[in-house]
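Each remark here refers to the structure printed beneath this line.
In this text the structure is predicted, and so the values were computed from the model without any measurement. In what follows, chains are A, B, ... by sequence order, proteins preceding strands, each numbered from 1.
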Number of protein chains: 2
Amino acid sequence: MATPANLPHPTRADLDLPSVLFALSDPERLDIVRQLRSGPLDMADCSLRVPDMPKSTKSHLMKVLREAGIIRNEANGRGRRLTLRSEDLEARFPGLLPAVLDAPVQ
Amino acid sequence: MATPANLPHPTRADLDLPSVLFALSDPERLDIVRQLRSGPLDMADCSLRVPDMPKSTKSHLMKVLREAGIIRNEANGRGRRLTLRSEDLEARFPGLLPAVLDAPVQ
DNA sequence: CTGTTGATTCGATATTTTTCGAACCAACCC
DNA sequence: GGGTTGGTTCGAAAAATATCGAATCAACAG
C-alpha cells in the first residue's frame, strides 16, 4: 500500500478499444483528459468537478485511465505527473482522441 | 411487456458523449454497430458472438444502443429493423463514429 | 381461430464498478 | 528525527449494469 515509483502501463500494442472507450465514458475522467490536452499536469494541479473528492477516489479515476493506456502516471518529486498518451492513441486508433476532445462539452 | 410499435429515441441534439462512449465500450455492442455499418439489418439477422444468447439479453443490448442514440430500432413486419444513426452521430460528434469503426478489430 | 415466430418488458439475481476510510510510504521541510 | 503533503493500495459497502426466465404482444401462416 505504498506509493510505488512506477506503476504499470500497457504498451501501445496492448491498447484495447473497449477499455479506452469505457475509460472515456465517465464525465469526471473525460474532464481530466481534457485538462491534459494542453500538456502534462501535476496530479495535485488537476481540478475535479467534485470539490472535495477523497484522494482514494481520485486515485482510482487515474488508475482506470492509466490501465486503459490513456494517461501516463509517473513519480515527480513528492507528487505525480500525468501525461496524455496522445501519440500512442493516435497510432493505434487514428482520429479517435481528437474526435472525443473536439466533441461539444455539453 | 409488449412489442411496442415504436420505441423512444433521443433527438440528435440530445446525444450525450459519455453515453455514446459507454454504449460503444462493450465488445458485443460494438460488434452489432460494425454489422450495421454497411446498412440496416433485421434484428433477427444480426449475428451475436455469444451463440445462444437469450432474447431478453439481446434486447437489452439493443436498448442501450438505442437509448444512447447510436441505432434506430423500428418495427418491420414481425420483427425489427436496426439502422445506424450515422448522420446524427456525425453531425453531433464529427469523426467519432468513423474513428471507432476504422479502429483495428483486435 | 390457433399456433408459431420475433421481440419488448418486468423482476430477481449475479456481476462489475464506484466510493471511501484506513494503512502506508516517499519526498520534502524544520 | 519528527511533522506535513501527495498519492497508492486494500477491503468493505454502495451503486450501477448485466443476465435471464416468465409474461406478454403483434404479425403472420394455416
Side-chain angles (χ1 to χ4, degrees), chain A residues 1-9 16 18-32 35-36 40-68 70-83, chain B residues 1-9 16 18-32 35-36 40-68 70-83:
Chain A
M1 308 144 179
T3 302
N6 37 291
L7 266 22
H9 292 79
D16 168 65
S19 306
V20 168
L21 295 175
F22 179 78
L24 294 173
S25 75
D26 174 69
E28 197 78 56
R29 288 192 296 253
L30 192 50
D31 206 56
I32 294 166
Q35 290 179 51
L36 293 175
L41 224 51
D42 283 348
M43 186 165 159
D45 294 340
C46 87
S47 56
L48 280 292
R49 307 189 150 188
V50 176
D52 297 318
M53 177 177 288
K55 50 187 180 175
S56 53
T57 304
K58 188 175 179 183
S59 197
H60 178 70
L61 290 178
M62 300 307 176
K63 183 182 185 181
V64 174
L65 288 170
R66 172 178 53 83
E67 289 182 340
I70 296 172
I71 65 175
R72 195 169 292 112
N73 178 340
E74 298 159 308
N76 174 242
R78 196 168 3 191
R80 291 266 148 191
R81 159 127 321 192
L82 305 178
T83 314
Chain B
M1 306 141 180
T3 300
N6 36 290
L7 266 22
H9 292 79
D16 169 66
S19 306
V20 167
L21 295 175
F22 179 78
L24 294 172
S25 75
D26 174 69
E28 196 78 56
R29 287 191 298 250
L30 191 50
D31 206 56
I32 293 166
Q35 290 179 50
L36 293 176
L41 224 52
D42 283 348
M43 186 163 159
D45 292 341
C46 87
S47 55
L48 281 291
R49 306 189 150 186
V50 176
D52 297 318
M53 177 179 288
K55 50 186 180 174
S56 53
T57 304
K58 189 174 178 184
S59 197
H60 181 252
L61 290 178
M62 300 307 177
K63 183 182 185 181
V64 174
L65 288 170
R66 172 178 52 83
E67 289 183 339
I70 296 171
I71 66 175
R72 195 169 291 113
N73 179 340
E74 298 159 308
N76 175 240
R78 195 167 4 188
R80 291 266 149 192
R81 160 127 320 194
L82 305 178
T83 313

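No side-chain heavy atom of Asp26(B) sits less than 4.5 Å from a side-chain heavy atom of Val64(B). Side-chain contact between Glu67(A) and Ser19(A) is absent, with no heavy-atom pair separated by less than 4.5 Å.
With dT9(D), dG21(C), dT9(C) as the candidates, the nucleotide lying closest to the side chain of Arg66(A) is dT9(D). In this structure, the nucleotide among dT9(D), dT4(D), dT8(C) sitting nearest to the side chain of Arg78(A) is dT4(D). You'll find that the side chain of His60(A) is closest to dT18(C), out of dT19(D), dT18(C), dG7(D). Side-chain proximity of Ala44(A) to dG6(C), dG7(D), dT9(C): nearest is dG7(D). Side-chain proximity of Ser56(A) to the nucleotides dT18(C), dC20(C), dG6(C) is greatest for dC20(C).
The residue Asp52(A) sits apart from the nucleic acid: no heavy atom pair falls under 4.0 Å. Residue-level contact check: Arg29(B) touches the backbone only, with heavy atoms under 4.0 Å from sugar-phosphate atoms and none from bases. The residue Met43(B) sits close only to the backbone: its heavy atoms come under 4.0 Å of sugar-phosphate atoms, none of a base.
Distances shown here put every side-chain N or O of Asn76(B) at or beyond 4.0 Å from the OP1 or OP2 atom of dA27(D).
Between Ser59(A) and Asp26(B), it is Ser59(A) whose nearest contact on DNA chain D lies nearer the 5' terminus. Place Phe22(A) and Thr57(A) on DNA chain C by their nearest nucleotides, and Phe22(A) ends up nearer the 5' end. Across the interface with DNA chain C, nearest-nucleotide mapping of Gly77(A) and Lys55(A) shows Lys55(A) to be the residue nearer the 5′ end.
We find that CG of Asp42(A) is positioned 12 Å from P of dC28(C), with the value rounded to whole Å. Residue Asp45(A) contributes atom CG, which lies 8 Å from atom P of dG7(D) at whole-angstrom precision. Rounded to a whole Å, the CE atom of Met62(A) is 12 Å from the C1' atom of dG6(D). For the pair Lys58(B) NZ and dG21(D) C1', the computed distance is 17 Å after rounding to whole Å. For the pair Leu48(B) CG and dA18(D) P, the interatomic distance rounds to 15 Å; values are reported in whole Å. Atom-to-atom, CD1 of Ile71(B) to C1' of dT8(C) comes out at 13 Å; the value is rounded to the nearest Å. Atom CZ of Arg81(B) is separated from atom C1' of dT8(C) by 19 Å (rounded to the nearest Å). One interatomic measurement links the two molecules: CG of Leu65(B) to P of dA18(D), which rounds to 10 Å at whole-angstrom precision.
Counted within 6.0 Å of NZ on Lys63(B), heavy atoms from surrounding residues, nucleotides or ligands total 12 or fewer; the atom is thus considered open.
The side-chain contact (heavy atoms from CB on, under 4.5 Å) test with Ile71(A) singles out one residue from Ile32(A), Leu41(A), Leu82(A), and that residue is Leu82(A).
The backbone N or O of His9(B) lies less than 3.5 Å from no partner atom in the side chain of Arg66(B), so there is not a single donor-acceptor pair.
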